[in-house]
Amino acid sequence: MKLEDIKTVGMAGAGSMGAGIAQIAAMAGLQVKVVDMSEEVWGRAKKTIVKSLERVVKKGTITEKEMEETIARISFSTDVASLKDVPFIFEAVFEDINVKKELFAKLDAVCGSDTIYATNTSSISITEMAALVKNPANFIGMHFFNPVPVMKLVEVIPALQTAPATKDLALDMAKKIGKTAITCKDTPGFVVNRLFVPYIIDAVRLLEEGVASAEDIDTAMKLGCNMPMGPLEFQDFAGVDIGYHVINIFHEYMKQERFAAPGLLRNMIKAGYVGRKAGRGFYDYSEEK
Ligand SMILES: NC(=O)c1ccc[n+]([C@@H]2O[C@H](COP(=O)([O-])OP(=O)(O)OC[C@H]3O[C@@H](n4cnc5c(N)ncnc54)[C@H](O)[C@@H]3O)[C@@H](O)[C@H]2O)c1
């Protein structure tokens, strides 16, 4: 299959990532068929897409008419069967191997073996997921970053079973939808998180060791390295529990002490200090609530 043959793409999952991928694919002129669990989810996703496109119109990158045309290219269904005959399907459902397994079984039941599947998983092995589908040669990882319309990178990760033609097509697709791609092997964290996770771990260790306060660690990285957010602020924003889960996946795979989760994270989770969503993490947000 060639990129020119693809006029329609599928998007399984319309959460934060799915909505973003649907938007950029539609902006690139592709018809996008979105599937998620309910109309309510779709209502939220559509609102996010419209808001994001309105910002693009304000910037003058597209006209209001182009915005309407972009929105009209996106359709929604709760039925996986609506993705039958769609040649290229992105997947961004919950980060749970059982949820993904069930979804791919449903997709495989309606899609032909030439369908390309591109998963956006952050932490599950692409090779393990490829083994779930009837044609693993057409399975690949395309790891986007949040918020998708803003972040320019996509990591393209072939599974051990991925055909070279699938990789080439994924790279072409990334370019078509406005992203810069890098490729890497199927290993935990790919490139970005492989570098970012140890950085987060070390920030927590500095705090544990009493080298500096949370505020000073965050200020140091924002003002000294131009990071938009400090590492501990970031943990609070993304969820301390989610970070802990990702660190443990790294540690399990790498078996290296430098990837071991600091004890402070474990204790924070036990105490319920899982970040902004709980009103308390490295910082106290109770006033905000
Ligand atoms: N959020 C991030 O920063 C980020 C960044 C890169 C990659 N990812 C990856 O993207 C994927 C999605 O993450 P997210 O943050 O968008 O999650 P999310 O929770 O915002 O969205 C997941 C969506 O999947 C839907 N869903 C669940 N089961 C489904 C099914 N069987 N069929 C159709 N839809 C189903 C849910 O209703 C929900 O709308 C995960 O694999 C995650 O690891 C997330």
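Numbering starts at 1 and runs along the sequence shown. Both counts, for ligands and for their atoms, begin at 1 and track the order of listing.
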For F139 and F104, I'd like to know if the aromatic rings sit close, meaning centre-to-centre distance below 6.0 Å.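 F139 vs F104: aromatic centres under 6.0 Å.
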Do the ring centers of F196 and F234 come within less than 6.0 Å of each other?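 Yes: the rings meet the under 6.0 Å criterion.
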Has K7 got a side-chain atom pairing as donor or acceptor with E4's backbone, closer than 3.5 angstrom? yes
Neighbouring protein residues of ligand 1 - any heavy atom closer than 4.0 Å: G13, A14, G15, S16, M17, V35, D36, M37, V41, A92, V93, F94, E95, V99, K100, L103, N120, T121, S122, H143, F144, N146
If I compare all heavy atoms of A174 with all of V154, which pair ends up nearest, and what's the gap?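 Closest heavy-atom pair between A174 and V154: CB-CG1, 3.5 Å.
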Please tabulate, for the side chains in residues 49-59, all donor-acceptor contacts under 3.5 angstrom to protein atoms that are two or more places apart in sequence or on a different chain.
unit_1 : atom_1 : unit_2 : atom_2 : d
S52    : OG     : Q23    : OE1    : 2.9
S52    : OG     : Q23    : NE2    : 2.9

Check for me whether R276 meets the cation-pi criterion with F237, that is, NZ or CZ under 6.0 Å from the six-membered ring centre and within 45 degrees of the ring axis.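 That pair does not qualify as a cation-pi contact.
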